[in-house]
*Asks:* 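Pasting in a structure now, in structure tokens, and then I'll have a few things to ask.
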Amino acid sequence: MTTNQEHTARRIIIALQAISDPTKAEHSYGFFKAFPGGYGEGDKFLGIKVPDLRAKAKDYNNLPLPEVGKLLRSEWHEARLLALFIMVGQFKRTKPDLK
């Protein structure tokens, strides 16, 4: 396991790709209507369940904000959702006067 200082958006996406599931990705494609004309048109999926992403977010709880921003701009739906989970966790731990 790497330390938090070694985590980068690129490495995190590679780690997410390693646990991807094409069958779940296909289901998500239909569920989010990512096909042409659908409300999620163009979205790309790795096929990772939300509980797994929430667990992963704990691994990256100290990810620097610039790297979180890179995840937010990812082409992958799950990377963007992971970024949001990381930000929520960081916000909860932030001192009230810094929020």
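Values in this document were obtained by computation on a predicted structure and should not be read as measured data.
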*Asks:* Measure from the side-chain N and O atoms of Glu41 to the backbone N and O of Gly37, and report whether any donor-acceptor pair falls under 3.5 Å.
*Replies:* yes
*Asks:* In Å, rounded to the nearest 0.5 Å, how long is the span from CG of Leu63 to CE of Met87?
*Replies:* 11.0 Å
*Asks:* If you compare all heavy atoms of Leu82 against all heavy atoms of Leu53, which two are closest, and at what distance to 0.1 Å?
*Replies:* CD1-O, 3.4 Å
*Asks:* Kindly indicate whether the side chain of Ile19, heavy atoms from C-beta on, has any atom under 4.5 Å from the side chain of Ile48.
*Replies:* yes
*Asks:* Quick check: closest heavy atoms across Lys70 and Ala9, and the distance to 0.1 Å?
*Replies:* CB-CB, 3.5 Å
*Asks:* When clusters are formed from ILVMFWY side-chain contacts under 4.5 Å, directly or step by step, what else is grouped with Phe31?
*Replies:* Tyr29, Phe32, Phe35, Tyr39, Phe45
*Asks:* Any side-chain heavy-atom pair from Trp76 and Leu16 closer than 4.5 angstrom?
*Replies:* no
*Asks:* Any chance you could measure Tyr60, atom OH, to His7, atom NE2, to the nearest 0.5 Å?
*Replies:* 5.5 Å
*Asks:* Would you compute the distance between atom CZ of Arg54 and atom CG of Leu81 and round it to the nearest 0.5 angstrom?
*Replies:* 7.5 Å
*Asks:* Roughly how far, to the nearest 0.5 Å, is NZ of Lys49 from CD of Glu78?
*Replies:* 12.5 Å
*Asks:* Run Leu46 and Ile13 through side-chain contact (heavy atoms from CB on, under 4.5 Å) and show every step you take.
*Replies:* CA-CA 10 Å; Leu46 292 166; Ile13 290 171; 5.6 Å; no
*Asks:* Please table the atom pairs, donor to acceptor, closer than 3.5 Å between any side-chain atom in residues 91-98 and protein atoms at least two apart or in another chain.
*Replies:*
{"from": "Arg93", "atom 1": "NH1", "to": "Gly89", "atom 2": "O", "distance (Å)": "2.9"}
{"from": "Arg93", "atom 1": "NH2", "to": "Asn61", "atom 2": "O", "distance (Å)": "2.6"}
{"from": "Thr94", "atom 1": "OG1", "to": "Gln90", "atom 2": "O", "distance (Å)": "2.7"}

*Asks:* In the single-linkage hydrophobic clustering (I, L, V, M, F, W, Y; side-chain heavy atoms under 4.5 Å), do Val50 and Ile86 co-cluster?
*Replies:* yes
*Asks:* Are Arg80 and Asp43 within salt-bridge range, i.e. N to O under 4.0 Å?
*Replies:* yes
*Asks:* Quick one: pull up CD in Gln17 and CD1 in Ile14 and give me the separation to the nearest 0.5 Å.
*Replies:* 6.5 Å
*Asks:* Could you state the interatomic distance from NE2 (His27) to CG (Asp21), rounded to the nearest 0.5 Å?
*Replies:* 11.5 Å
